[in-house]
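Worksheet: the structure to be examined is printed underneath.
These figures come from a predicted structure and were not determined experimentally. Quick note on labels: first sequence line is chain A, next is B, and so on, each numbered from 1.
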Number of protein chains: 2
Amino acid sequence: MRLSKKTDYALRVLFTLVEHHGRGPIPIRELARRNDVPKRFLEHIMLEMKARGWVDSSPGKQGGYVLAKEPARITMGEVIRQFDGVLAPIGCVSVAHYERCNQEAVCRFRRILLDARNYVARLMDRATLAMVFLGAPVQTREVFAQEFSAGDGI
Amino acid sequence: MRLSKKTDYALRVLFTLVEHHGRGPIPIRELARRNDVPKRFLEHIMLEMKARGWVDSSPGKQGGYVLAKEPARITMGEVIRQFDGVLAPIGCVSVAHYERCNQEAVCRFRRILLDARNYVARLMDRATLAMVFLGAPVQTREVFAQEFSAGDGI
DNA sequence: TAATCTACGACTAAATCAATCGTATTTCAT
DNA sequence: ATGAAATACGATTGATTTAGTCGTAGATTA
Ligand code: SF4
Ligand code: SF4
């Protein structure tokens, strides 16, 4: 789950938009400056986010981008999957992009990778922009332990 | 923490060597066949593992590779770091390869990535080949919760 | 002494990443 | 009206990484 620059940039900008939520559009120029993102690169990122319905745009003077969904209804998991494609450390433990491996039956360490993927996926899928913005705890590990033993094992 | 093929291949082979520990060398040809790894590619991987002191080799007939350390003294974390370089999802939360980001002071989501890196790093650094081979539980989440609150926070 | 191994550097093809550029189009303040 | 300011979007690129292959040299032993 190595984060690409694109994902990092997208998240930076999203949180800027969350902070400014309800107070009108911000132009790319400003988003790029405040988050230290190359402006021309950011254009593509914003286009992709618009296509996903996370942001909306208005052209012309006074134009720019606004958040199009409630911050509580966008998760970091969605953002990472959008830009990096896959969240799991390897195809054989991915849910969204599962790839069969013919060693699965005899593989000794797949369960460890699955554990990692489960923790990270749960964390990211629970991390809504709203909660993360507020600094709220996203996942208590006790809750995770309980759910885990309830079974999504190997 | 996307696993490269190289790392995956290395782990497959290591567990084969663990299984065969103490019963003489296995030639690359056999390691490659049993684990479905391209043989010529595996040569480089074995060289690197030999340099790290994880395996030892003997040439000639009856030659091949053996494990050079106790399975309890090699962790998956070491293997991943060796071949993928870094375990953390992004430079700003890496311990072994920290990269400063000038947004750190204002970044809203770094703490989430740090949480992910902490869980995965602990998991992998505890996952010795011996324990993983035996199927033993590597990290109870309760223990993790306790340690976490003891503080390696943001 | 020949068969069977490892050792190791050189090379490559393809994919991915991180952008940059040119240009078209829309909007609105004046 | 008009022009400044904004988004829209495809084309292109340069660097890096990935996932290998190939040729050959050298060691070991049945
Ligand atoms: S070897 Fe194990 S971990 Fe690697 S891809 Fe196959 S099943 Fe998954
Ligand atoms: S923006 Fe936040 S998460 Fe991304 S690199 Fe900077 S500090 Fe780390």
Terminal contacting nucleotides, 5' and 3', DNA chain D versus chain A (heavy atom, 4.0 Å): D:dA4 to D:dA11
Nearest heavy-atom neighbours spanning B:Ile28 and B:Tyr65: CG1-CE1, 3.4 Å
Nearest-nucleotide 5' precedence on DNA chain C, A:Arg40 against A:Lys6: A:Lys6
Sugar-phosphate only, base, or nothing, as touched by B:Gln62 at under 4.0 Å among non-hydrogen atoms: sugar-phosphate
Between CG on residue B:Asp84 and CG on residue B:Leu3, distance to nearest 0.5 Å: 5.5 Å
hydrophobic_cluster_shared for B:Val66 and B:Val37, side chain cutoff 4.5 Å: no
Closest non-hydrogen atom pair between B:Arg117 and B:Pro89, with its separation: CB-CD, 3.5 Å
Chain B footprint on DNA chain C, 5' to 3' - any atom under 4.0 Å from a heavy atom: C:dA3 to C:dA10
Single-linkage hydrophobic cluster, 4.5 Å side-chain cutoff, A:Val55 and A:Phe41 together: yes
Touch class at under 4.0 angstrom, heavy-atom based, for B:Tyr9 against every strand present: sugar-phosphate
Sorted by number, the residues of residues 12-36 of chain A with heavy-atom contact under 4.0 Å to DNA chain C: none
Atom of B:Arg12, atom of B:Asn35 and distance for their closest heavy-atom approach: NH1-O, 2.8 Å
CZ/B:Arg73: more than 12 non-hydrogen atoms of other groups inside 6.0 Å: no
Spacing of A:Arg81 atom CZ and A:Leu87 atom CG [to the nearest 0.5 Å]: 4.5 Å
Sugar-phosphate only, base, or nothing, as touched by B:Lys61 at under 4.0 Å among non-hydrogen atoms: base
Single hit among B:Glu48, B:Met49, B:Lys6 for side-chain contact (heavy atoms from CB on, under 4.5 Å) with B:Gln82: B:Glu48
First of A:Lys5 and A:Glu43 reached from the 5' end of DNA chain C, by closest nucleotide: A:Lys5
Geometric class of the A:Phe15/A:Phe133 ring pair [parallel <30°, tilted 30-60°, perpendicular >60°]: parallel
